[in-house]
Amino acid sequence: MPDPELSATTRLFALVDVNNCYVSCERVFNPSLEGKPVVILSNNDGCAVARSAEVKTLGVKMGEPWFKLKDLAKQHGIIALSSNYALYGDMSNRIMTVLRDFSPDVEVYSIDESFLGLNGLGSLWDSPTAMGQSIRQRIRQWVGVPVCVGIGNSKTLAKLANHIAKKRPDFDSVCDLSSMTRQDRDALFSTIDVGEVWGIGRRLSEHLRASGIDTVAQLRDASPAWLRSRFGVVIERTVNELNGLSCLALEDVAPAKKQIIASRSFGQPVLTIDELGESVSNYMTRAAEKLRRQNGVCEAIQVFVQTNPFKASDRQYSNGVVVPLPNASCDTRLLIRAALFGLAQIYRPGYYYKKAGVILQGISGASGQQQSLFTTYGDGAASEAMMRTLDTLNQRFGKGAVSIASAGTRNDWAMKRERKTPDYTTSWDELPVARAN
DNA sequence: TCTGGGGTCCTAGGACCC
DNA sequence: TCTGGGGTCCTAGGACCC
């Protein structure tokens, strides 16, 4: 097999990743946090979702509940901040803008990570490493946060290089695997745990180790065919990528979401359907905004509720239901009604609810705003009739007991859906009386 | 009694990512 | 007392069809 790195179609990728992103963002606006142990907490200040280097050194894990950390925090003076996603999103946009100056091909992979396509840019720089250093310095200077840069012949290798740049101080925050000698790479790969590879999670690591594959080098040299038969096609692709055979393309335009989730845990347990309904309405409002932002409509919504699984002394209950819509829609009011209808079906009184959420499903893109408006309001007798039915029901049973499934024409998707879920209540006669009192 | 073969679609669940 | 919130893809198996 020819060395893919020498072929004419060799690709080159960089991965730029903000160090301890949320903490670094906070430090830009509050320099007194510099050098101190800082954690950023999730919704309701529940879990640590970002840790400064000082906190990582103390052994604090990602996702660790804050209440378990309180003693350690007191002991070491850990500063805990509630998360501020508006700030992080804004900082992220600034970084991505800087990156676009370096390459026309930028894939924003997450709030703190971007892939860059480097093909064709070689003549602009002494070396990929020189470019990486320039990226790093400019983001530090213009935005104020530290980043690491990993470079390789596939996205998986760029990710791995980034990991090395972060862990090994001698690389000075930039690691280029593509220019390294085979021996140097082997030496590195044989010291890195297989679980550090992008796409190899906890489960696969366990299985691989049981098969005698402990390091990146061993995974790279394992037989793709054997791995495929044993673990599936995803890992086969990963191994090819580790060998410098680029299988994952850069996606410079973000594909539209196929589903949109909005959910939250509650600070306090919630008992009544009215409170749940209020939350569900809020989530749906947010989800519908996201849907419209991508000019989409959805054909069904799902609503779910859950008690606190960590509280063993509580009676546990969790349930969800899919509500097909008579017409694909992005209309907030209609979607909220559908969600409340679903909620009425799954709500059971007497439980301490801790979490609820909605999922928009069957999303398709509208070709433009006009089409989605037509779909929603249109001349659709179905929609109109449905709304009237809902109003009648609301008057009769009170808020929350709303039916939408009996009105209008169903599309194919919804019909199939109905066939497969026989327990789905289609008639309002069958609606449970779901109010607590 | 014996009981085909090929195909699609859908779902639930599991794995992964940040 | 207090335990995040999003997403994607793959696979196995069942339903259904001819």
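The sequence lines fix the lettering, A, B, ..., with proteins before strands; numbering per chain opens at 1. Excluded from the calculations below are hydrogen atoms, water molecules and symmetry mates; all remaining heavy atoms, backbone and side chain alike, are included.
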Among B/dC18, C/dT3, C/dG6, the one nearest A/S110 by side-chain distance:
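The answer is B/dC18.
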Find which nucleotide of DNA chain C each of A/Q259 and A/V49 is nearest to by heavy atoms, and output the residue with the more 5' nucleotide.
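Between the two, 5'-proximity favours A/V49.
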Without hydrogens or angle criteria, can the side chains of A/R136 and A/Q133 be said to hold a donor-acceptor pair below 3.5 Å?
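Looking only at side-chain atoms, A/Q133 and A/R136 do form a donor-acceptor pair, the distance falling under 3.5 Å.
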The side chain of A/K68 lies closest to which of these nucleotides: C/dG6, C/dT3, B/dC16?
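Within the option list, the nearest is C/dT3.
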Side chain of A/K355 - closest among C/dG5, C/dG4, C/dT3:
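Between C/dG5, C/dG4, C/dT3, the one nearest the side chain of A/K355 would be C/dG5.
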Take atom NZ of A/K354 and atom P of C/dT3, then tell me their distance rounded to the nearest Å.
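Distance, rounded to whole Å: 4 Å.
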Full working for side chain to side chain contact (heavy atoms under 4.5 Å, CB included) between A/Q259 and A/L360
CA-CA 5 Å; A/Q259 62 177 34; A/L360 307 188; over 6 Å; no
For A/A256 and for A/N308, locate the closest nucleotide of DNA chain C by heavy-atom distance; then report the residue assigned to the nucleotide nearer the 5' terminus.
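On the 5' side of the pair lies A/N308.
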Contact under 4.0 Å: A/R264 side-chain N or O vs C/dG6 OP1/OP2
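The answer is yes; a side-chain N or O of A/R264 sits under 4.0 Å from OP1 or OP2.
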What does A/I260 touch in the nucleic acid at a heavy-atom separation under 4.0 angstrom: a base, only the sugar-phosphate, or nothing?
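If one applies the 4.0 Å heavy-atom cut-off, A/I260 turns out to touch the sugar-phosphate alone, with no base involved.
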Does C/dG7 have OP1 or OP2 under 4.0 Å away from a side-chain N or O of A/K290?
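Result: yes.
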Identify whether any heavy atom of A/R228 sits under 4.0 Å from a base atom; if not, whether one sits that close to sugar-phosphate; answer base, sugar-phosphate or nothing.
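Nothing, no nucleic acid heavy atom in range.
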Is the distance from OP1 or OP2 of B/dC17 to the nearest side-chain N or O of A/R203 less than 4.0 Å?
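It does not, given that no N or O in the side chain of A/R203 lies less than 4.0 Å from OP1 or OP2 of B/dC17.
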Rounded to whole angstroms, how far apart are NZ on A/K159 and C1' on B/dC17?
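Distance check: A/K159 NZ to B/dC17 C1' gives 8 Å.
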Would you tell me if any nitrogen or oxygen in the side chain of A/S263 comes within less than 4.0 Å of OP1 or OP2 on C/dG4?
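The answer is no; no side-chain N or O of A/S263 sits under 4.0 Å from OP1 or OP2.
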Shortest side-chain distance from A/Y109, nucleotide among B/dC17, C/dT3, C/dG4
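For A/Y109, the side-chain atoms sit closest to B/dC17.
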Taking atom P of C/dT3 as reference, at what distance in whole Å does atom CG of A/N44 sit?
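In whole Å, C/dT3 P and A/N44 CG are 7 Å from each other.
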Is there a side chain to side chain contact (heavy atoms under 4.5 Å, CB included) between A/R27 and A/S32 once you walk through the steps?
CA-CA 7 Å; A/R27 281 174 170 166; A/S32 71; over 6 Å; no
Write down the distance between NZ (A/K61) and P (C/dT3), rounded to a whole number of angstrom.
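Rounded to the whole Å, the gap is 21 Å.
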Remember a base hit wins even if backbone is also touched, and classify A/V197 as base, sugar-phosphate or nothing at under 4.0 Å, heavy atoms.
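Here A/V197 touches the backbone only, sparing every base.
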What's the gap between C/dC17 and B/dG4 when it is taken at their C1' atoms, as a whole Å value?
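Result for the C1' pair: 14 Å, nearest Å.
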Give the rounded distance in Å between these two atoms: CZ of A/F304 and P of B/dA12.
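My rounded result for the distance is 15 Å.
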Touch class at under 4.0 angstrom, heavy-atom based, for A/W66 against every strand present
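Since no nucleic acid heavy atom lies under 4.0 Å of A/W66, the category is nothing.
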C/dA15: pairing nucleotide in any strand, Watson-Crick or G-U under 3.5 angstrom:
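The base-pairing partner of C/dA15, which may sit in any strand shown, is B/dT8.
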Would you find more than 12 non-hydrogen atoms of other residues, nucleotides or ligands less than 6.0 Å from A/F231 atom CZ?
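More than 12 within 6.0 Å, yes.
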Please tell me if the side chains of A/C148 and A/V174 come closer than 4.5 Å, counting only heavy atoms from C-beta onward.
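The answer is no; the side chains never approach within 4.5 Å.
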Rounded to whole Å, please give me the gap between CZ in A/F231 and P in C/dA12.
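Distance, rounded to whole Å: 14 Å.
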Please work out if A/I111 contacts a base, only the sugar-phosphate, or nothing of the nucleic acid, heavy-atom cut-off 4.0 Å.
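Answer is nothing: A/I111 stays at 4.0 Å or more from every strand.
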Please check if atom NZ in A/K56 has more than 12 non-hydrogen atoms from other residues, nucleotides or ligands closer than 6.0 Å.
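Counting neighbours around NZ of A/K56, more than 12 heavy atoms of other residues, nucleotides or ligands fall under 6.0 Å, so yes.
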Distance test, side-chain N/O of A/K257 to OP1/OP2 of C/dG6, below 4.0 Å
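For C/dG6, OP1/OP2 do not have a side-chain N/O of A/K257 under 4.0 Å.
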Report the distance from atom CG of A/D45 to atom P of C/dC2, rounded to the nearest whole Å.
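Distance, rounded to whole Å: 14 Å.
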Check the distance between C/dG6's P and A/R293's CZ and give it to me in whole angstrom.
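So the CZ-P distance, A/R293 to C/dG6, works out to 13 Å.
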